[in-house]
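In what follows, a single structure is set out as structure tokens and then discussed.
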Amino acid sequence: MKKKRFYKNVPRNQTWTEAEQGRQIDFADKYDEGGIYSDKFDYLRPETKKKKKKLTPQNVRRFFKKAGVVLLCVAVFCAGYTCMDVYMIRKGMPDRSALQGEAPDSALNEISLGLSAEYIESVSLDGSVMLDAVLSQAETEGCNSVAFDIKRSEGSLGYRSELSVADAYGTVAFPSENLKASVEKLMKSDILTVGIVCCYMDNIVPANDASSAVPGSGGEPYRDTAGNMYLNPDSQYAYTYIKDIISETYAMGVTVFVLTGVDLPDEVSDGYNDGFESLAQRLYSDIGNDIKLLRAVNVRLGENAVLDDSTEIADKLSDDLGDDGIYFISASGDRALIKEKLEESGVSRYILAD
């Protein structure tokens, strides 16, 4: 008799297409007692081996891409800290952002400035190619300011002046062609522009207007042993001329002025109200306190001043200048070494010239 075969689950009241119910039985189900799972023989199970990723060109590129990103981030991080360090060391802005314990709203004339200035010729402030060279040199030498002659010792002016006296007597010589733009460009690079004004020593105006000069014994303008003439400190005309020069360049952006030639020769000084204090007081009163006037202290250093065993800098210079003094240093030799020796000696305000 032929054996009957069953292809349907009719007797079981099920069909082959019916969805599965419940869950798949796990190996450890037999150890599940009272809802608490326990598998004390789990250590006997063979460990599932992870498949090793195949080394493909895509994987290699992905690895090097990630490594490159990490290295770039590290490089940017390190470069940022290095640049910040260099900036903080070299760029001690000598304006209100570089106050030495002063309030931010203090007047400029009350601020103690730290100036490491490089002396430059007035013609270098052209707002263009020569100015770029000045910027590069100042940054290389770590200077935070540059100083130039506004009024020279012989009486000539180092900028394009519109004063009637300058036009009448032709006092402008080798000037800065674009002082205002140069000051702005320097300031954007955190370099302060310092103007040097030789006040009373002048061989141009006294020669053209004897009433503005210190008179000699014969009525003609007084001359010292070197043949130099001087503006009269008690003359309102002479004072106005100096004040107008400072006011004119202040309008062009210069805020720090170094006054030289403020003392008459000893043989005539007693009869006049000369000196830095007297002149600075009048200028502050008339122009205002948003300028800083400094008194120049001239120092000449020899060629051996930079030697390790030399004490010349320590003997000739100190940091006891007060708030209104600055050294004008004439020196030959390696400027970087001179600057290093000055900083080692604690000198914080100076103009370094050749």
Side-chain angles (χ1 to χ4, degrees), residues 83 86-87 89-95 98 113-163 166-167 170-198 204 244-261 291-292 294 296 298 301 326-340 342 349-354:
C83 293
V86 173
Y87 181 87
I89 293 172
R90 290 175 46 201
K91 299 292 183 71
M93 266 299 287
D95 60 356
L113 301 178
L115 296 175
S116 55
E118 174 193 2
Y119 176 78
I120 61 172
E121 296 294 337
S122 303
V123 292
S124 300
L125 299 174
D126 62 346
S128 183
V129 178
M130 286 191 286
L131 180 62
D132 291 339
V134 169
L135 269 170
S136 177
Q137 185 173 349
E139 291 176 354
T140 300
E141 296 184 357
C143 296
N144 61 20
S145 50
V146 295
F148 77 105
D149 287 314
I150 290 178
K151 179 177 180 290
R152 304 182 182 94
S153 59
E154 81 281 4
S156 64
L157 302 182
Y159 71 101
R160 292 288 181 187
S161 176
E162 296 182 359
L163 298 177
D167 181 58
T171 59
V172 177
F174 307 104
S176 163
E177 294 296 337
N178 199 338
L179 179 57
K180 185 175 181 179
S182 298
V183 172
E184 292 175 353
K185 189 171 182 178
L186 287 166
M187 186 61 70
K188 288 180 181 178
S189 298
D190 294 336
I191 303 294
L192 187 69
T193 307
V194 178
I196 304 173
V197 182
C198 185
I204 298 178
D244 288 347
I245 289 173
I246 294 176
S247 297
E248 192 173 37
T249 50
Y250 170 58
M252 297 179 184
V254 182
T255 56
V256 179
F257 299 88
V258 176
L259 305 185
T260 65
I291 62 172
K292 180 70 174 180
L294 297 174
N298 296 314
L301 296 178
I326 185 170
Y327 285 113
F328 188 90
I329 302 172
S330 300
S332 58
D334 192 321
R335 296 169 69 91
L337 288 177
I338 295 173
K339 187 174 183 298
E340 183 179 342
L342 289 171
R349 285 197 302 276
Y350 59 87
I351 299 171
L352 189 57
D354 294 331

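Numbers here simply count residues along the sequence, with the first being 1.
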Side-chain donor-acceptor contacts of residues 328-336 below 3.5 Å, not counting sequence neighbours, with atom names and distances?
from	atom 1	to	atom 2	distance (Å)
Asp334	OD1	Ala336	N	2.9
Asp334	OD1	Leu337	N	3.3
Arg335	NE	Glu141	OE2	3.4
Arg335	NH1	Asp354	OD1	2.7
Arg335	NH2	Leu352	O	3.1

With sequence neighbours excluded, what pairs up with Tyr250 under the ring-ring contact (aromatic ring centres under 6.0 Å, His included) test? none
Residues in side chain to side chain donor-acceptor pair (under 3.5 Å) contact with Lys339, at least two apart in sequence or another chain: Glu343
I'd like to check the side chain to side chain donor-acceptor pair (under 3.5 Å) partners of Glu340; sequence neighbours left out, ordered by chain and number. none
Salt bridge (Lys or Arg N to Asp or Glu O under 4.0 Å) contacts in which one or both residues fall within residues 149-159, not counting sequence neighbours: Lys151-Asp202
Please list all pairs meeting salt bridge (Lys or Arg N to Asp or Glu O under 4.0 Å) that have one or both residues in residues 123-132, counting only residues at least two apart or in different chains. Asp132-Lys185
Mind checking the [atom1]-[atom2] spacing from [X] to [Y]? Nearest 0.5 Å is all I need.
| X | Y | atom1 | atom2 | value |
| --- | --- | --- | --- | --- |
| Tyr350 | Ser116 | OH | OG | 4.5 Å |
| Tyr119 | Cys143 | OH | SG | 14.5 Å |
| Glu139 | Asn144 | CD | CG | 12.0 Å |
| Leu115 | Tyr327 | CG | OH | 14.0 Å |
| Ser189 | Glu184 | OG | CD | 12.5 Å |
| Ile150 | Leu259 | CD1 | CG | 9.5 Å |

Can you name the closest pair of heavy atoms from Thr249 and Ile245 and give their distance? OG1-O, 3.0 Å
Give the intermediate values and the outcome of side chain to side chain contact (heavy atoms under 4.5 Å, CB included) for residues Leu135 and Val146. CA-CA 9 Å; Leu135 269 170; Val146 295; over 6 Å; no
